[in-house]
Chemist: 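Okay, handing you the structure first.
All residue numbers in this chain count up from 1 along the given sequence. In each ligand, atom 1 is the first atom listed, and ligand 1 is the first ligand listed. What you are looking at is a predicted structure, and each value in this text was computed from that prediction instead of being measured.
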Amino acid sequence: MPEFKHITVPAGDRITFCAGRPVVGDHPIVGRITGDGIGPDIMRASVRVWDAAVEKAYGGKKKIAWCEIPVGEIAQEKCGTYMPDEAFDAIRYLGIAIKGPLTTPVGGGFRSLNVTLRQVLDLYACVRPVRWFKGVPSPVKAPEKLNVIIFRENTEDVYSGIEYRSGTPDAQKVIEFLTGKELGAKIRPDSGVGIKPMSPYCSKRIVRMALRHALEHGLPTVTMMHKGNIMKFTEGAFRDWGYEVAREEFPDTVVTENDLYEKYNGQCPAGKVVLKDRIADSIFQQLLLRPDEYSVLVTPNLNGDYVSDACAAQVGGLGIAPGANLSDDVALFEATHGTAPKYAGLDVVNPGSLILSGVMMLEYMGWKEAADSITRAIEVTIQQKTVTYDLERLMEGATKVKTSEFAECIVKNL
Ligand code: NAP
């Protein structure tokens, strides 16, 4: 075990990984990053729900040993830095952690703590399941038809941070190089320039993860979302590399959409998954018009950013959307909203996003019974219309409850 100065690792089973999957004992040690702003309020409420669900599902046989990892303002106070190196070591050592939101420190030397965590731990997949909870107000007629899980590539594309400001010597150099005799591109000399790198390595590993997820969960399709008709050698290549992974690594279990009609008469054989692709702009229409034709979406970084929020909005769930950032041997689950500083310490906000991220975590750990019971209890609680202010203001006849009371209602409904 690495030496920690500010972290106390409790007694319990260390989670290890085998071929990208966690090996979890009955008393796993799980990292917990409380977060800033409303973080303590929602973490307290969520831990109450997770622990109660595990206790109820397994009658005390299983229990999580929580290990508090200081990151953000708590770490600044305790360790003199927002992001202590030992926080990375602890997350790597424990394998699985869950976090509340973190404030981006102004002038703290970090672009964003969240981005730093993803980059340092190479959490290459941002995973967002999106489904509707009965009773949640939605802007569409049949929100229940959308039930997808989005695998967004997390490390490259326009997020690589390779950008040159208009009018700077660096931008000029890049423009001169691109417009020179050799490459002959046409670019206005006063342009700002951004670079969009996409590699076979990163594209293949995200498609591989999405295909594995679909196969392990018996989901019917995986759809690659890309703008390959315009960006042929980045987004188009993403699609081609995705089909390559399917051919090379899943020859017996993945069927392309072409094969589906040419070889199988439009009927996917049992136990197989269909891999298809759709152009980015059309997928937004499709998800509104024929949402039930999609189950797993796999996307490059920027497309994934857009489509995850669009899907979450469609089910009225932006405030309760859960998420995870995964690599092959580290999994960090997280609330998808920010620190909402004006509500910090007031015990009023919705803990749903963090609670549901914990549901993803329990599923990932193989503790499906506990995960399912929380999902059901949230459904019942929302249908009983006992909800926090954000949902109460949108629902007719609802009773407004505090963060902690909402958690208690869920616990009662487990
Ligand atoms: P925000 O914290 O998500 O809050 C924006 C608004 O969203 C809140 O004022 C509130 O709306 C609503 N909201 C957010 N979480 C809620 C919850 N749990 N329950 C009910 N309503 C909720 O976004 P922000 O104000 O742009 O960002 C604040 C800080 O968070 C920044 O420092 C930012 O860098 C950081 N941030 C962190 C993460 C992360 O850690 N993953 C993500 C995003 C932002 P109403 O006021 O209308 O009720």
Chemist: Is it the side chain, the backbone, both or neither of Ile38 that has a heavy atom closer than 4.0 Å to ligand 1?
Modeler: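 Side chain only.
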Chemist: Indicate the ring-plane relationship of Phe17 and Tyr364, choosing parallel, tilted or perpendicular according to the 30° and 60° boundaries.
Modeler: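 Tilted.
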Chemist: In the complex you have, is atom 26 (O) of ligand 1 within reach of the protein, judged by whether a heavy-atom distance drops under 4.0 Å?
Modeler: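 No, because not a single protein heavy atom sits under 4.0 Å from atom 26 (O) of ligand 1.
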Chemist: Check each of Val115, Leu102, Ile42, Val71 against atom 37 (C) of ligand 1 and report the one with the nearest heavy atom.
Modeler: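 Result: the heavy atom closest to atom 37 (C) of ligand 1 is in Leu102.
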Chemist: By number and element, which atoms of ligand 1 are closer than 4.0 Å to a non-hydrogen atom of Asn114?
Modeler: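 Within the 4.0 Å cut-off of Asn114, ligand 1 contributes 37 (C), 38 (C), 39 (C), 40 (O), 41 (N).
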Chemist: When you measure from atom 29 (C) of ligand 1 to every protein heavy atom, which one gives the shortest distance, and what is it?
Modeler: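 Atom 29 (C) of ligand 1 sits closest to the protein heavy atom Thr339 OG1, 3.0 Å.
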Chemist: Within 4.0 Å of atom 46 (O) of ligand 1 (strictly less), any protein heavy atom?
Modeler: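 So atom 46 (O) of ligand 1 has protein heavy-atom neighbours under 4.0 Å.
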Chemist: So if I count the atoms of ligand 1 from 1 in the order they appear, which ones are less than 4.0 Å from some heavy atom of Arg393?
Modeler: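 Atoms satisfying the 4.0 Å criterion: 45 (P), 47 (O), 48 (O).
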Chemist: What is the nearest protein non-hydrogen atom to atom 3 (O) of ligand 1, stated with its residue, atom name and distance?
Modeler: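 The answer is Gly338 N, 2.7 Å.
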Chemist: Sequence neighbours left out, what passes salt bridge (charged side-chain N to carboxylate O under 4.0 Å, His left out) with Lys402? Give chain and number order.
Modeler: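 With sequence neighbours excluded, Lys402 shows a salt bridge (charged side-chain N to carboxylate O under 4.0 Å, His left out) to no residue whatsoever.
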Chemist: Using a 4.0 Å cutoff against the non-hydrogen atoms of Thr104, which atoms of ligand 1 qualify?
Modeler: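 Close to Thr104: 32 (O), 34 (O).
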Chemist: Would Lys196 count as a cation-pi partner of Phe233, with NZ or CZ less than 6.0 Å from the six-membered ring centre and within 45° of the ring normal?
Modeler: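 No, a cation-pi geometry is absent between Lys196 and Phe233.
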Chemist: Protein heavy atom under 4.0 angstrom of atom 39 (C) of ligand 1, is there one?
Modeler: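 At least one protein heavy atom is under 4.0 Å away.
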Chemist: Kindly state whether the ring of Tyr306 and the ring of Phe284 have centres lying under 6.0 angstrom apart.
Modeler: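 No; Phe284 has its ring centre 6.0 Å or more from that of Tyr306.
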Chemist: If the test is side chain to side chain contact (heavy atoms under 4.5 Å, CB included), which one of Asn258, Thr256, Val254 qualifies with Tyr243?
Modeler: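 With Tyr243 as partner, Asn258, Thr256, Val254 yield a single side chain to side chain contact (heavy atoms under 4.5 Å, CB included), made by Thr256.
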Chemist: Measure Thr103 to ligand 1 on non-hydrogen atoms and call it side chain, backbone, both or neither using the 4.0 Å cut-off.
Modeler: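 Both backbone and side chain of Thr103 come within 4.0 Å of ligand 1.
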Chemist: Kindly say whether Leu302 contributes a backbone atom to a donor-acceptor pair with the side chain of Asp157 at under 3.5 angstrom?
Modeler: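 Here the side-chain-to-backbone pair exists.
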Chemist: Search all heavy atoms of Thr179 against all heavy atoms of Ile187 and return the closest pair with its distance.
Modeler: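 Scanning both residues, the minimum pair turns out to be CG2-N, 3.8 Å.
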Chemist: Answer yes or no for Arg131 and Phe133: cation-pi contact, defined as NZ/CZ to six-membered ring centre under 6.0 Å and angle to ring axis within 45°.
Modeler: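 Geometry flag: set, cation within 6.0 Å and 45°.
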Chemist: Tell me if a side-chain donor or acceptor on Trp132 pairs with a main-chain N or O of Asn147 at a distance below 3.5 Å.
Modeler: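 Judged by distance alone, no pair lies under 3.5 Å.
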Chemist: Distance under 4.0 Å to a non-hydrogen atom of Pro101: what atoms of ligand 1 satisfy this?
Modeler: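 That gives atoms 40 (O) of ligand 1.
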Chemist: Looking at atom 48 (O) of ligand 1, what's its closest protein heavy atom, distance included?
Modeler: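 Protein heavy atom with the smallest distance to atom 48 (O) of ligand 1: Tyr389 OH, 2.5 Å.
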Chemist: Checking Ser353 side chain against Thr336 main chain: does a donor-acceptor pair fall under 3.5 Å?
Modeler: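 Confirmed, Ser353 side chain pairs with Thr336 backbone.
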Chemist: For atom 2 (O) of ligand 1, which of the options Gly37, Ala340, Gly100 provides the nearest non-hydrogen atom?
Modeler: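 The nearest heavy atom belongs to Ala340.
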Chemist: I'd like to check atom 12 (C) of ligand 1 in this structure: does the protein have a heavy atom lying under 4.0 Å from it?
Modeler: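 Given the 4.0 Å cut-off, atom 12 (C) of ligand 1 does not count as touching protein heavy atoms.
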Chemist: Please identify which atoms of ligand 1 are closer than 4.0 Å to at least one heavy atom of Asn350.
Modeler: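 Answer, ordered by atom number: 17 (C), 18 (N), 19 (N), 20 (C).
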